[in-house]
Every structure is written in structure tokens, then in C-alpha cells.
Amino acid sequence: MNTNVRIAGVDFKNPVTTASGTFGSGMEYSEYVDLSRLGAVTTKGVSSVPWAGNPTPRVAETYGGMLNAIGLQNPGVDVFIERDIPFLRKYDTKIIVNVVGKTLKEYCEVVERLADCDVDLLEINISCPNVKEGGIAFGQNARSVEEITSQVKRIAKQPIIMKLSPNVTDITEMARAAESGGADAVSLINTLTGMKIDIHKRAFLLANKTGGLSGPAIKPIALRMVYQVANSIQLPIIGMGGILTAEDALEFIMAGATMVAIGTANFINPRATIEVVEGIEDYMRKHKIDHISQLIACVK
Amino acid sequence: MNTNVRIAGVDFKNPVTTASGTFGSGMEYSEYVDLSRLGAVTTKGVSSVPWAGNPTPRVAETYGGMLNAIGLQNPGVDVFIERDIPFLRKYDTKIIVNVVGKTLKEYCEVVERLADCDVDLLEINISCPNVKEGGIAFGQNARSVEEITSQVKRIAKQPIIMKLSPNVTDITEMARAAESGGADAVSLINTLTGMKIDIHKRAFLLANKTGGLSGPAIKPIALRMVYQVANSIQLPIIGMGGILTAEDALEFIMAGATMVAIGTANFINPRATIEVVEGIEDYMRKHKIDHISQLIACVK
Amino acid sequence: MVLAEKHKVVIKQNIQLDEDIYSMWLEDSYVAKNAKAGQFVSLYLEDGSSLLPRPISICEIDKELGRIRLVYRVVGKGTLAFSTLKGGDEITVMGPLGNGFHLEGKNPLLIGGGIGIPPMLELAKQLDGEKKIVLGYRDSIFMSQEFEQYGKVYISTEDGSAGTKGNVIDAIFDHDIRTDMIYACGPTPMLRAIQAYAKEKGMKAQLSLEERMACGIGACLGCVCKSTERDHHTNVNNKRICKDGPVFYADEVEL
Amino acid sequence: MVLAEKHKVVIKQNIQLDEDIYSMWLEDSYVAKNAKAGQFVSLYLEDGSSLLPRPISICEIDKELGRIRLVYRVVGKGTLAFSTLKGGDEITVMGPLGNGFHLEGKNPLLIGGGIGIPPMLELAKQLDGEKKIVLGYRDSIFMSQEFEQYGKVYISTEDGSAGTKGNVIDAIFDHDIRTDMIYACGPTPMLRAIQAYAKEKGMKAQLSLEERMACGIGACLGCVCKSTERDHHTNVNNKRICKDGPVFYADEVEL
Ligand SMILES: Cc1cc2nc3c(=O)[nH]c(=O)nc-3n(C[C@H](O)[C@H](O)[C@H](O)COP(=O)(O)OP(=O)(O)OC[C@H]3O[C@@H](n4cnc5c(N)ncnc54)[C@H](O)[C@@H]3O)c2cc1C
Ligand SMILES: Cc1cc2nc3c(=O)[nH]c(=O)nc-3n(C[C@H](O)[C@H](O)[C@H](O)COP(=O)(O)OP(=O)(O)OC[C@H]3O[C@@H](n4cnc5c(N)ncnc54)[C@H](O)[C@@H]3O)c2cc1C
Ligand SMILES: Cc1cc2nc3c(=O)[nH]c(=O)nc-3n(C[C@H](O)[C@H](O)[C@H](O)COP(=O)(O)O)c2cc1C
Ligand SMILES: Cc1cc2nc3c(=O)[nH]c(=O)nc-3n(C[C@H](O)[C@H](O)[C@H](O)COP(=O)(O)O)c2cc1C
Ligand code: FES
Ligand code: FES
């Protein structure tokens, strides 16, 4: 039984990674799971300088999901390089670094700083709904998706994954723009913009008013988008959005994802990533699937 | 305590109606609830000629929600006029007729047939994701939203509600287009396009592959959109998407909805509409709110 | 028309009959009083992540004690949750729903396939005349003895481990069974074969169909089947299984 | 560092203390063995529609019997669900989480406000020295007698129905209480007042903070508070309440 997958020349021991921002840089979860069992660890969005993020409350529970408006708090790329890369390199797993910026220039600065670092892929987050500038604004317009992709590609030494926003009319348009811009892969979906009101206080639950909706509630939307994108571009896809179990992950793989990322599920069960890895193996064993590639995009 | 609301000159005894397609024309649910307790009944989408709808399976459960791909099966406007209007008129409630078509001409035909009928408002469904032509295609482009609105307005004798799709980058753009076209109100949201895969059969769960996601899972998205639209146009809003309880309904009202519609909740609890009506009254009593208008858009 | 409100009832007993088959008796005097053979109930889950009701046919009705019996196969989240319930626990039910069988025929033939067998039990109890009962299984046999008091029981198994090797049609041929009214419930391929067989032999048949449901009461149009005639309610060639069925005459529907 | 795995435990007892206040003893030898006063646990709901854990402070630790006690106020869906559980039922727990109080001071002053009172109990048990304990209530009093064995108890109530009329600071003034270390848990306005008071008097204080959480273990950055110094981990002026707290020295944080 072989669970190996390959994206842009990088080999992953299995198709399971973490969704950026839900796993830190793996430090906290390394107490719960052996990071070496994961195909890759995808780290929290990192910017050129430290970002303080949004005021609290930053998170709220919703029916079958949650809202977050962290606002991309992060220690900045220098601390990341110094502290987090060496930490992750102790494990036998690939490193995908999620990159954020408020301007095209800032994205490029981070990519440049990372160019000579020992990381495997870069994921460019053009889809965060929780920051005023940058983020999602880049991801909701095909021309700017193509522009930022090609700019980043020019500097990057690692393969580039463009992370797409679901808050668009037609996600395949954005996927095609990423492909034209020279992306090596796409990942989807980031969170859907949502809101919650406390009817007793008659106030927004989040200080930021709106936040990004994640968790199992959004899975059907994410799965549809992965399927649509798989049928419109040639690039490999990292699928995510509401995956709790191996069954969920297999839906994404069958819809066309080469890899899957586990996000909100980590908060509910710190061992979610490993349980998905093991569940996929169980499914393959039970159904006598020799190679995971037999499952990728098998539902048409 | 006064729960009266007014939309386009029509008075509703309370702000609660049904979401089109989840309540038939009220006949089945009239066994469970006294329709005269509702502000209005919004009927299933009706077209100029009978539509057979999509093949089965047409519905699937998802985490905290469901998918449907009914495909707007309906008996056609003639049967509707003959059978359903007289039935509903027996009750002391307003009638909102949901109108569908495959072409602009078909929408106009239905609106024309209904012009001299005894119904209170028309809701133009330009947002159904489950039909190949018409439906959502009209609702994802601002120019065609404006076009269809103004065409329909030209013929209609009843006030016109435009029902918006959430499957767009910027719903306020569509709301503004409806306003420019002369709409009297907007309703939102219709379902979000989603998908489910049966990993054991390795096949789509719905015959139509994709379906519309509804139920509490989507509530945060719906609420955010209602809030956005309330802050970008002057028209009254009928808010819906995942309302199960009076608390949910109050969130929509506080975000800016003048009325709310109960959809998927009917399937889970046939008395959901009445329980929402009563729950809103309880809240107003407890918090000493004299008039529901004090709650509309009170969270900014 | 009986109003089928949602209500909570106490489980009297919930036992395992076969590998994944369970039998549950509910203290439900309301449904017991109003139900007909062939009707179904909607069962609700406690877990708010699963919102839609699960339709389960009524297997037996005890009007005296005010109880109903449901027999179900564990196939997913909902039926798995039901299987963990114990006597004394509560469950939320809505019903009786649907139309039920028309009791007719002098020498009726009852055919159940797999998890379509349970609803035949109450029907067998209620039908008059000389009854023949054909039960089709994949391999393992359940409930067949319970039918013996009501008529002559014939069995088919796909693996031939008991009765006729093959399906229920094979068993009918095997035993040359004649009837003036077929009643059948089971997987669609079985029903399709029975429909064809009835047509060929000029027999009448009542078939109990199955489809994914949302409302269970005729409002959402989720659960339709193709009807041969334009249906009076929907004005297209569709009937609603939950409301117009689940039982249809074989010549009313296309399978 | 102790690994705080998610685990299922049996509820020993779950009783009502006051109108909306409940006290729950859990058979949790793992947490009992490893927990410090001021730490918390994450409690999980059975209902899949509510996915995030509920952080609840540890109120008492019985290392011998391997039990912990939680006292909680019913404010929403989760705590309401907990309140319906009975002895013998199971609940899923993760913990102990967070840092807990540093035990120091010769004549410590413990201040609890409302639902911030329970975590002071285990602290009162563990602290040496001559303890003064100030408990602030809105109106109805709970748990105050349990504190009496550990130190001198002063009470404040907002409506003046018992003790000093006003808040905990009023009670401190009222009784002219002096200390070399304040320990406090309660609503933010109370903590802010204590922070100001401590600063003014040049006293040290440990404050237990609260914020909405998602992961509970320091990964999501949902639960931060403003820190006076640039925090070594986050490299901004933010500390994570779940991981770096919930207990902070008063001069570490801005409230
Ligand atoms: C009229 C009618 C009577 C039935 N009677 C019985 C019976 O007596 N005994 C029995 O074991 N089963 C019966 N079924 C099938 C039963 O409804 C499903 O097996 C059950 O709903 C599966 O639920 P689950 O949560 O375990 O499966 P899941 O697959 O987790 O269910 C997910 C969703 O799909 C629906 N679903 C899944 N399988 C079916 C199916 N075969 N038919 C309809 N909906 C389905 C569920 O209701 C739920 O909404 C009947 C179905 C119908 C329509
Ligand atoms: C470190 C810490 C220790 C705590 N200790 C206690 C304790 O000992 N006793 C006690 O009664 N309460 C305590 N709380 C508050 C307790 O966590 C909330 O009251 C509880 O989570 C509410 O859950 P609910 O489902 O009833 O409310 P809901 O409002 O339905 O919860 C919805 C969501 O909001 C979160 N939430 C709601 N209120 C709060 C709050 N005040 N703080 C943090 N999250 C909240 C919930 O965890 C959940 O994710 C503590 C909070 C923290 C952060
Ligand atoms: C608390 C939180 C923080 C997140 N931070 C980031 C981030 O820094 N960069 C990013 O690209 N996505 C971020 N995301 C989005 C996730 O990576 C993921 O795309 C989304 O949550 C959907 O997956 P899920 O439903 O499995 O969580 C964040 C999500 C959450 C819940
Ligand atoms: C089974 C089903 C059928 C529907 N049919 C229609 C329809 O005919 N016309 C329409 O405008 N919306 C239709 N909708 C969308 C609902 O009116 C509503 O916009 C949506 O379901 C969100 O609300 P909810 O989450 O409360 O169900 C349908 C929804 C469902 C679930
Ligand atoms: S399930 Fe809704 S019409 Fe049958
Ligand atoms: S709750 Fe996630 S960092 Fe504190």
C-alpha cells in the first residue's frame, strides 16, 4: 500500500497536511501527534514584519463550525526562520510555509527571505478575509491573482501554491488565473466570510464584526469547489474545508485533491491529523487500493 | 407589543414567512401549524409550464445542513392559480409567490399571469443553483440582475422582491443592481452550491452531482450577507439561511432584515415557523420591546 | 387524516436480530392507534449535526398495549445511533406517515427482500385469506419464523444456504406460487423484477418504494418517483413517495 | 510538561449549588495527578453541532481519590448540557491546561468574583501563610462556607444583602486588608480595578484571565490578551491566555 503523493516535484509520504493557522508551526501539537507521521506541516501565515492581529474576541462557535478573525497575528518572517524552521526540520515531514502580506511588495519580501531557507513549498494566502488590506482582496479578482502569482514565481526558489478564496462567484476563474500566472499548485478553500450576533447584548460576537467560517459546516461547499477546480485546471490541488475524519478526506481526494489539509478539526481533536492518516490507510487496506493515486479524482 | 412590519406598502402581522420550496404551498404544513399565525406564506417556485425537476436522489444530509437538487419541479402557474391561491386565501396571511423561469421571457410570462391574481408580493428567484438554464445564471451578474428586475417591474402589478444568490463575490453589488432595477425588496440568501460524495460507492450522492446547501450550517454566511446588504441599499430585506429558532431569527432582524424566512427548519420540525413567531414575542416581552422595528438593524 | 405530530416516546426494547439488524419496540400509543400496515415513521437523531429524519417502516402494531415495532439495518450514522439505545431511553418520532397497503385479495402473496421483510409482518397479520410469503435474503436469515403463523413461508438466499438459491422470483417459480395480489417491499431491482413479472402474468401488485427524504410529509419534493400518469398533485409524471406512497400499485410507477 | 490528552471520564457527582451554579466531581486520576491550582480543563459536548471545547477552571483536586471538581455557571448551550448530566454519566475532558498560580507570599489575599470564586478554593487549600479571602457576589451567596476552613473570609454583594455593599475592592477597603500577594479571578472590570489597586499600593498580584478560545493549547491565537512587554513567543505585545496564562502577573498584561 502506497500513500505517496507528489506535488511540483516534492514527494510527500502521505496526502495529509495541516491547514495554515490551525496548527501554529506544529510546536503545540507536537505534544499530541508525531509530526513525522504527516505528509507535511503547513505553518501559520507569516509576514515580513510582526503583525499584532485583531482585537478579541477573535473566535466564536457556530452551528457545526466556527468563526475566526485572528487577523494573521504572526511573529514575522525573521523569528519564523530562526525558530520554526529548525524546529520543524527535526521531523521527517515536509514544510509548507503560508505567506501573507498587505501589499504585493510585502508578499515578495517574505518569499525572497524564504528563498534560501530550508522549506519545501510556499503557500501564498491571497484569501484571508480578516485583514483590512491584502489578503482576500488579492484573491477575488482574476487579474490580480495572475499578477501576484507571476510576481511571486519570479522570486521564489520553492514551488508556489496559491491559496484560493471561496468568497467568489467562480472559483475556477481564480484557479485558471493562478495557473496562467505560473503557480505549481492551488489550495482551497480558505474560510467563508461569516458573522454572529449576540442577541442578548445586541452586539457582534467578534470584535472584527465578521470572521472566517470554517469547520464541517462548510465541507459541501469546499468539496464542490475542489471538484470544479480539478475539472478546470491541470495543477495539483490541496483540498480543505471542514475535514474531520478520514471519510471526509477521502471525499476530497475522490473529488480531485492530491493532498488534503486538516484545519478546525485540530481544535476539536488534537489527534485529528493522525487519525485521518490512519483512516485513509484503513480504507485503502479494506478496499484493496494499492496506490492512493487510484483514488485521486476517481469520482467524475 | 407590536410585531407588525411593512414591506412595499404591504402590512404583515409579524416578520415570519416561509422560505420558498420548503413549505410547498402550505397545504402539507397546514396540518401542523395555523397558517394564519404567519406573517406570510412564500410558495414554491412556479414557472409558466409544469417542470418535472431533476432525477433522484434529490436530497442529501450534510453536517448541520442538507443539499437539495429538486430542480424546481412545479405544476406550472395555471394549476398554482387554480388550486394554491384559493387554498391560501382561506387563511389570514399574506401570499408571496416565488417565480422561476429558464429565460427572461418565461419569468415575464409568470409575472403577467399573476398580475391580476389575488397575491400580495412576487419573489423573483434568480438564484436557484439546481437548474441548467435561468436561475442562478441571472443572479450572478449585476447587469442581468438589473435587467430582469426592470423587465419584471414593468409588467408586475404586485411589489417585487428579488431573491439573491450567495454564490457571488460581492452580494451588495447584486443588491444595488436590484435596487437600480426598481425592486421593492430583496430576499437572501438562496442556497450555496455544494456537493457530497459516497466514498463507499465512489459516486456523487445527488443525481445532479451538486445541490444547494441550506440549514444552520450556512447561517453565519447568510447573516453576514444580510448585514452587508442592509448597509448598502435602502430596500427592505427578507433574511433567511439556516434559521432554526427565534434566536436565529432575531440575529437576522438585528442585522437588518425586516422579515425572516424559515426553510430547512420545517423539515426538522414542522412547527418551526410558529415556534419562531412565539419566540420572537417572548423575547420582546422579556426585553420590553414595544415594537419590532426597534430591533430591526439595531446592531451596527 | 391523522395529524402526525413529532413526539417523544420511550423505547420498550431494542435488541439485535442479526449481524446488523435490530428490532425496536416503542411505547407509542398514538402511532399504534392510527397506523396502518405499510406506513412508516420518521425517527430523529439527538445529535444536532444530523438534522434530517430517518424514515423507518412499521413492522408490527400492538394496538392493545399501544406499541409499535421497527426493524432496521445499521447502515450509517443514524441507524448506528439507534442501535446503541436501550430500553427506557427516549426517541423522537413523527408518524404514522404515508399511505400504507390496501388490504385486498383472496390468496395474497407477500414478498419481502432484505430489510424490506419487516413491513410485511404487520401486513401478514392483518390480511385475510390464504397467504403465501416469500422472503429473500443475501445469506443470513432473520425473522422468517415470525411469519410462519400467518402463512406458508418460502425462502430464497443468494448463496443458496437456505431455501431456493437465487432471488424471490426464483423462489416463486420454484414453488409455482399463484396469487391475485402481490405485496412487495425490498430493493429496487427486486421490485422492478416483480413489476415485470406481475405485468407478464396479468397480476396486480402493491409495491413499497424507498427514496431519500427531507420533509417526509410531501412538501419538499425530494422523494419523488416516476409515475406513469401525470400526477394530480404535482401536475407532472412524478409522485411523492412519502405522501402518495410509499405503497404504489405496480402500474402506477416506473422503476 | 505534561501531555494533556483528550480522555473520557466518569462523573462522580453533579449537583446544583445555586440558581444557575453547578458543582461537578469527575473521576479523573490523570488530571488530579498532574493539575495545579489555577489550571483549567477543556470540556467537550456530545452534540456534534457544538464543536469547540468549553474551558472550565479546576476548583478542587483530590489527588488521593483521583478526582477533580469543577464549578460552573449555566450561561449557554454547553454549560446547560453539562448541568443535565448525572453521576455515572461520562464526559470528555482535556487537561490540565494553562499555567496555574505561583504559590508565594506570606499573607496572601485571595479574591474571587462571581464564577471566578471556584478556582480560588484549591488555591486556598494549597497556599501557606495567613490567608485572607474576599468573595464578591451580585446577590446570592455560594461556596463561601467552603472557604472558611482556609482563612478569614470577607464578602461583598452588589445589593448589600450580605457583607460589604459594593464590590471586592470596597470590601478590601472596608476591612483594611493588607497583603504581599494578591490572587484574583473574576470579571475583567474587577481584575482591572485590582490591577490598578495593586499598582497604586505597590503590591504584586496574580490575575486569572478569560477569553473565548478555540484550541485551548496555544496554537490558534484566538485567546490573546495585550501584554506590556513584547512576548517571546508571539513576538508582538500579545500573550495567549490558554498557554501563557490564564494566570498572569498584573504588570505583565493590559486589561
Ligand atoms: C419509506 C421508507 C421506509 C424505510 N423503512 C426501513 C426499515 O423499515 N428498516 C430499515 O432498516 N430501513 C428502512 N428504510 C431505509 C432507512 O431510511 C435508511 O437506511 C436510513 O435512513 C439510513 O440512515 P443512516 O443515518 O443510518 O444512514 P446515513 O447514510 O448516514 O444517512 C444519511 C442520510 O441519507 C438517508 N438515507 C440513507 N440511506 C437511505 C435509504 N436507503 N432510504 C432513504 N433514505 C436513506 C438518511 O435518512 C439520512 O438523511 C426506509 C426508507 C424509506 C424511504
Ligand atoms: C480559562 C477559563 C476558565 C474558565 N473557568 C470557568 C469556570 O470555572 N466556571 C465557569 O462557569 N466558567 C468558566 N469559564 C467560562 C466558560 O468557559 C464559559 O462560560 C463557557 O465556555 C460557556 O459555554 P456555553 O456553551 O454554556 O455558552 P455559549 O455562549 O453557548 O458558548 C458558545 C461559545 O462561546 C464560548 N464562551 C462563552 N462564554 C465564554 C466565556 N465567558 N469565556 C470563554 N469562552 C466563552 C464557549 O466556550 C463556546 O465556544 C472559564 C473560561 C476560561 C477562558
Ligand atoms: C483560527 C484559524 C486561523 C487561520 N489562519 C490562516 C492563515 O494564517 N493562513 C491561511 O491561509 N489560512 C488560515 N486559516 C484558514 C485555514 O487554513 C483553512 O483554509 C480553513 O480553516 C478551512 O479549513 P477547515 O474547515 O478544515 O478549518 C485559518 C483558519 C482558522 C480557523
Ligand atoms: C428543498 C428545497 C427547495 C427549495 N426550493 C426553492 C425554490 O423553489 N425557490 C427559491 O427561491 N428557493 C428555494 N429554496 C431555497 C430556500 O428558499 C432558502 O433560500 C434556502 O434553503 C436557505 O434557507 P434555509 O437554510 O432556512 O433553508 C429551496 C430550498 C430547499 C431546501
Ligand atoms: S420527503 Fe419531502 S416530499 Fe417526500
Ligand atoms: S485558544 Fe487557541 S491559542 Fe488560546
Side-chain angles (χ1 to χ4, degrees), chain A residues 60 62-67 129 136 139-141 165-170 174 192-205 209-213 215-228 242 244 246-255 283 287 295 298-300, chain B residues 60 62-67 129 136 139-141 165-170 174 192-205 209-213 215-228 242 244 246-255 283 287 295 298-300:
Chain A
T62 68
Y63 204 103
M66 64 172 283
L67 292 168
I136 202 170
Q140 289 183 323
N141 177 295
S165 169
N167 299 292
V168 294
T169 306
D170 180 4
M174 306 304 149
L192 286 138
T193 308
M195 177 178 278
K196 187 171 176 181
I197 286 176
D198 182 328
I199 62 160
H200 301 292
K201 297 192 182 143
R202 288 180 219 156
F204 300 104
L205 233 104
K209 293 190 185 178
T210 60
L213 182 65
I218 68 169
K219 197 190 74 177
I221 304 169
L223 191 68
R224 179 261 299 179
M225 290 184 167
V226 165
Y227 178 78
Q228 285 181 312
L244 280 188
E247 285 72 31
D248 297 331
L250 285 161
E251 283 191 73
F252 279 84
I253 290 169
M254 291 180 186
Y283 180 93
H287 291 83
L295 294 176
C298 72
V299 174
K300 307 230 185 248
Chain B
T62 68
Y63 204 102
M66 64 172 282
L67 291 168
I136 203 169
Q140 289 183 323
N141 177 295
S165 169
N167 299 293
V168 294
T169 305
D170 181 3
M174 306 305 150
L192 286 139
T193 309
M195 178 179 276
K196 187 171 176 179
I197 287 176
D198 182 329
I199 62 161
H200 301 291
K201 296 193 181 142
R202 288 178 221 161
F204 300 104
L205 233 104
K209 293 190 185 179
T210 60
L213 182 65
I218 67 169
K219 197 189 73 176
I221 303 170
L223 191 68
R224 179 262 297 183
M225 290 186 167
V226 165
Y227 177 79
Q228 285 181 312
L244 278 189
E247 285 72 34
D248 297 332
L250 285 161
E251 282 191 73
F252 280 84
I253 290 170
M254 292 179 185
Y283 180 93
H287 291 83
L295 294 176
C298 73
V299 174
K300 307 228 185 252

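First the proteins, then the strands, lettered A, B, ... as listed; each starts at 1.
- If you measure heavy-atom distances from A:Leu223 to chain B, the contacts under 4.5 Å come from both the backbone and the side chain.
- Remark: B:Asp170 pairs with B:Thr172 by the side chain to side chain donor-acceptor pair (under 3.5 Å) rule, at least two apart or across chains.
- Using a 4.5 Å cut-off between heavy atoms, B:Ala255 touches chain A through backbone and side chain atoms alike.
- Ranked by non-hydrogen atom pairs under 4.5 Å with chain B, the options A:Lys196, A:Glu251, A:His287 are led by A:Glu251.
- Heavy-atom pairs under 4.5 Å with chain B peak, among A:Val226, A:Ile218, A:Ile221, A:Asp198, at A:Ile221.
- Partners of B:Lys209 by side chain to side chain donor-acceptor pair (under 3.5 Å), not counting sequence neighbours, listed by chain and number: A:Tyr227.
- Separating the CD1 atom in A:Ile199 from the CD atom in B:Glu247 is a distance of 5.0 Å, to the nearest 0.5 Å.
- Contact of B:Leu250 with chain A is made through backbone and side chain together, with heavy-atom distances under 4.5 Å.
- Looking at B:Phe204, both its backbone and its side chain come within 4.5 Å of chain A, counting heavy atoms on both sides.
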Exercise. Given the rule in the side chain to side chain contact (heavy atoms under 4.5 Å, CB included) test, do B:Thr62 and A:Lys219 qualify, once you have shown the distances and angles that lead to the verdict?
Worked result: CA-CA 8 Å; B:Thr62 68; A:Lys219 197 190 74 177; over 6 Å; no
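- Chain B forms more heavy-atom pairs under 4.5 Å with one residue of A:Gly242, A:Gly65, A:Gly194 than with any other, namely A:Gly194.
- Here the CZ atom belonging to A:Phe252 is positioned 9.0 Å from the CD1 atom belonging to B:Ile197, to the nearest 0.5 angstrom.
- Interface residue B:Leu67: only side-chain heavy atoms are found under 4.5 Å from chain A.
- For B:Leu295, the part lying near chain A is the side chain, with the backbone staying farther off; criterion is any non-hydrogen pair under 4.5 Å.
- Only the side chain of A:Leu244 has a heavy atom closer than 4.5 Å to any heavy atom of chain B.
- Counting heavy-atom pairs closer than 4.5 Å to chain B, the top-ranked of the candidates A:Val168, A:Leu192, A:Leu213 is A:Val168.
- A:Tyr283 touches chain B through its side chain: at least one heavy atom from C-beta onward sits under 4.5 Å away, while N, CA, C and O do not.
- Interface remark: of the candidates B:Ala217, B:Pro216, B:Gly64, B:Pro216 forms the most heavy-atom pairs closer than 4.5 Å to chain A.
- Put simply, of A:Lys201, A:Gln228, A:Met225, A:Lys300, the one with the most heavy-atom pairs under 4.5 Å next to chain B is A:Lys300.
- With contacts defined as side-chain heavy-atom distances shorter than 4.5 Å, the pair B:Arg224/A:Asn167 qualifies.
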